[in-house]
Amino acid sequence: MFDFSQKVVVITGGTRGIGLETVKAFKKAGATVILFGSKKSSVDTAITNLKNEGLEVEGYFPNLSDFNEVNETIEDIVSKHGHIDILINNAGISARNSIENTTAEEFVNIMSLNVNALFFTSKAVVPYMKKNNGGVILNTSSMVSIYGQPSGVGYPTSKFAVNGFTKSLARELAPFNIRVNAVAPGITKTDMVASLPKEMIDPLIKTIPLGRIGEVEDIANAFLFLASDMASYITGEILSVDGCARS
Ligand code: NAD
């Protein structure tokens, strides 16, 4: 349905879960795909597994909390491929503890990966997108960016910031033909969720009008759409992909 054959796509957090499925989706749509992961071993494993499925991708593992490392990696990619057309800021960590049981360091780490890293990757990529007369930046937000959650305050805090970053950067970059949007998944069946017992999942499903939890493909499809020319007049949007879950 989508053709990204002339496009170079960088996807952070691409070694598993939503990011890995998004890597597959863009690769199957013809893109040159570069995935980022947190460490060499997980990047190597993802690349090998993808190769076994007939999907050739490249991988890097810059420290996303270090602007210089991120910037050097982006420079390497541009010198190899000439341009970056689509950046998907997907890497993220969550939190569940009460405020008393959350250390200052844990809070800072969440903000560092879920928020600061978006600034670093985007800051590194934007000059090349401007030079190329356009581009797309997509961020992974969450349904908790709208409603908060009853514990683990750092996670929704970071995702509210993702939405603010998305809406503001969209306005700044629109004159340069760079669109910025976010996808806000509801609960999605990654490895962690898939391993939860039925007794925990069933009550959750009852709260979702569409009657199921999200599949990673649902989120990857939203990224494909928002990155495509079919979304050429959409920027600054936070697209909920959550089966209409509203709590
Ligand atoms: P996951 O844990 O399966 O994957 C997370 C990815 O982020 C991995 O590729 C990992 O390598 C990368 N990552 C983690 N820590 C990192 C670090 N310090 N440096 C660099 N990379 C790091 O998670 P997922 O469920 O696929 O989540 C992906 C995104 O979707 C996250 O931003 C998450 O907040 C968001 N999200 C997930 C759900 C859900 O139900 N799964 C719901 C809403 C939003």
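Counting starts at 1 for both ligands and their atoms, following the listed order. Along the sequence shown, residues carry numbers from 1. What you see below is based on every heavy atom in this structure, not just the backbone, and it leaves out hydrogens, waters and symmetry mates.
The shell of residues lying under 4.0 angstrom from ligand 1, judged by heavy atoms, excludes Ser94. At least one heavy atom of Lys159 lies less than 4.0 angstrom from ligand 1. Not a single heavy atom of Ala46 sits under 4.0 Å from any atom of ligand 1.
Inclusion of Gly13 in the set of residues having an N or O under 3.5 Å from an N or O of ligand 1 is warranted. Note: an N/O pair closer than 3.5 Å links Thr15 and ligand 1 by distance alone.
Listed by number with element, the atoms of ligand 1 under 4.0 Å from a non-hydrogen atom of Ser38 are 11 (O), 16 (C), 17 (C), 19 (N), 20 (C), 21 (N), 22 (C). Residue Gly14 has at least one heavy-atom neighbour below 4.0 Å for each of these atoms of ligand 1: 9 (O). Less than 4.0 angstrom separates some heavy atom of Leu64 from each of these atoms of ligand 1: 20 (C). Close approach of ligand 1 to Ile187 (heavy-atom distance below 4.0 Å) involves ligand atoms 40 (O). Contact atoms of ligand 1 toward Gly92: 7 (O), 31 (C), 32 (O) (distance under 4.0 Å to a heavy atom of the residue).
Under the 3.5 Å distance criterion, the side-chain polar atoms of Ser145 are matched with a main-chain donor or acceptor of Ser142. Side-chain atoms of Asp66 come within 3.5 Å of backbone N or O of Glu69 as a donor-acceptor pair. Checked by atom type and distance alone, the side chain of Asn139 never pairs as donor or acceptor with a backbone atom of Ser141 at under 3.5 Å.
In this structure, atom 23 (O) of ligand 1 has its sub-4.0 angstrom surroundings free of protein heavy atoms.
Between the choices Ala91, Ser142, Gly214, Gly186, the shortest heavy-atom distance to atom 42 (C) of ligand 1 belongs to Gly186. When Phe61, Phe36, Tyr155 are ranked by how near their heavy atoms come to atom 36 (N) of ligand 1, first place goes to Tyr155. Between atom 28 (C) of ligand 1 and the options Ile11, Asn90, Thr22, the minimum heavy-atom separation is to Asn90. Of the listed options Thr188, Ile213, Val183, Leu118, Thr188 places a heavy atom closest to atom 41 (N) of ligand 1.
What sits closest to atom 43 (C) of ligand 1 on the protein, heavy atoms only, is Pro185 O, 3.3 Å. Here the heavy atom of the protein found nearest to atom 35 (C) of ligand 1 is Thr140 CG2, 3.5 Å. Shortest contact from atom 15 (N) of ligand 1 to any protein heavy atom: Leu113 CD2, 3.5 Å. Atom 25 (O) of ligand 1 has Thr190 CG2, 3.2 Å as its closest protein atom, hydrogens excluded (heavy atom only). Closest to atom 27 (O) of ligand 1, if we only count protein heavy atoms, is Ile18 CD1, 4.3 Å. For atom 4 (O) of ligand 1, the closest heavy atom belonging to the protein is Arg16 NE, 3.6 Å.
Closest of all the heavy-atom pairs between Ser158 and Asn114 is OG-ND2, 3.1 Å. Of all the heavy atoms in Ile238 and Ala184, the pair that sits closest is CG2-CB, 3.9 Å.
A salt bridge does not link Lys189 to Asp218: none of the charged side-chain nitrogens sits closer than 4.0 Å to a carboxylate oxygen. No salt bridge links Lys167 with Glu237; every basic N to acidic carboxylate O contact stays at or beyond 4.0 Å. One finds no salt bridge joining Glu56 and Lys27 here, because no Lys/Arg side-chain nitrogen approaches an Asp/Glu carboxylate oxygen to under 4.0 Å.
Contacts between Ala117 and ligand 1, counted as non-hydrogen atom pairs separated by less than 4.0 Å, are absent for every part of the residue.
Lys130 forms a cation-pi arrangement with Phe176, by the criterion of a distance under 6.0 Å to the ring centre and an angle within 45° of the ring axis. Both tests hold for Lys123 against Phe67: distance to the six-membered ring centre under 6.0 Å, angle to the ring axis within 45°.
The environment of CD in Glu53 is crowded: more than 12 heavy-atom neighbours from other residues, nucleotides or ligands sit within 6.0 Å.
Using cut-offs of 30° and 60° for the angle between ring planes, the Phe36 and Tyr60 rings count as perpendicular.
Among Asn89, Asn71, Thr73, Asn116, the single residue meeting the side chain to side chain donor-acceptor pair (under 3.5 Å) criterion with Thr121 is Asn89.
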